**Q** 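One structure, pasted below without further comment.
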Amino acid sequence: MRKIKPSKIICVGLNYKDHAAEMKMPIPAEPVLFMKPPTTVIYNNDNIVYPKMTGNLHYEAELAIVIKGKAKNVAEEDVEKYILGYTCANDVTARDLQSKDGQWTRAKSFDTFCPIGPEIISPKDLDVNNLSIKAFLNDELKQSSNTSQMIFKPSYLVSFISRIMTLLPDDVIITGTPPGIGPMRAGDKVEIEIEGIGKLTNKVVSGEY
Ligand code: MG
């Protein structure tokens with residue numbers, strides 16, 4: 001896929017019913033949002049760099065929405081024309097820093113913490129509300145769910161976020177992770193696979209810093 005130039009990456013926390021049950025967390029009444037900087041983006045077969053600042057680096061399999069056109073205050077029924085397509089994402093997270101800091105910016109924002117790919121698939125070619133989503137660590141299945149488990153659907157999320165901030169072409173929304181999140185180590189291979197999109201593969205390497 002071509003390199004994208006997002007102005008921002010908007011992320012949704014706790015958006016799978018089965019993951020909320022796993023975490024013993026109540027179903028949120030509104031989407032919980034946070035952001036990653038554009039410098040986190042890498043692509044298929046690029047390396048995830050394990051920073052020295054963390055001792056607990058996690059994978060999170062997520063469906064990513066890539067925005068096509070400038071979108072502000074878009075109604076849910078009109079969102080499709082603003083969507084370039086869907087791809088796989090890994091919301092790489094320094095879990096220890098997430099709890100230590102009490103907010104998520106550092107834990108989510110290291111360079112290489114947003115692998116996306118392998119291709120962007122048009123909304124016309126996918127039933128985005130019914131796709132299997134999986135994560136494999138060294139070929140072992142770790143996460144397995146379906147986008148039907150989402151609390152807030154992609155169309156709702158685009159509309160909701162567009163009522164907060166203007167979405168620009170190439171902006172990315174990552175839509176939350178299903179159950180089964182866990183740690184990665186240097187040398188590991190991590191793969192995110194979504195039905196109809198393909199498989200995003202990245203290796204973890206030790207960082208110098
Ligand atoms: Mg996430």
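If you're wondering where the values come from, they're calculated on a predicted model, not measured in any experiment. Counting starts at 1 for both ligands and their atoms, following the listed order.
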**Q** Can you list every ring-ring contact (aromatic ring centres under 6.0 Å, His included) pair that touches residues 80-108, not counting sequence neighbours?
**A** Phe34-Trp104
**Q** Under 4.0 Å between a Lys/Arg side-chain N and an Asp/Glu carboxylate O for Asp91 and Lys36?
**A** yes
**Q** Considering only distance and modelled atom types, tabulate donor-acceptor pairs under 3.5 Å from the side chains of residues 177-188, sequence neighbours left out.
**A**
{"from": "Thr177", "atom 1": "OG1", "to": "Ala61", "atom 2": "N", "distance (Å)": "3.2"}
{"from": "Thr177", "atom 1": "OG1", "to": "Ala61", "atom 2": "O", "distance (Å)": "2.8"}
{"from": "Thr177", "atom 1": "OG1", "to": "Gln143", "atom 2": "NE2", "distance (Å)": "2.9"}
{"from": "Asp188", "atom 1": "OD1", "to": "Asn138", "atom 2": "ND2", "distance (Å)": "2.9"}
{"from": "Asp188", "atom 1": "OD2", "to": "Arg185", "atom 2": "N", "distance (Å)": "2.6"}

**Q** Protein N/O/S atoms under 2.8 Å of the Mg ion (ligand 1)?
**A** Glu60 OE1, Glu62 OE2, Asp91 OD2
**Q** Closer than 4.0 angstrom, basic N to acidic O: yes or no for Arg106 and Asp101?
**A** yes
**Q** Can you list everything that forms a salt bridge (charged side-chain N to carboxylate O under 4.0 Å, His left out) with Glu140? Sequence neighbours excluded, please.
**A** Lys142
**Q** Look at the side chain of Ser99 and the backbone N and O of Asp96, then say whether any donor-acceptor pair between them is shorter than 3.5 Å.
**A** yes
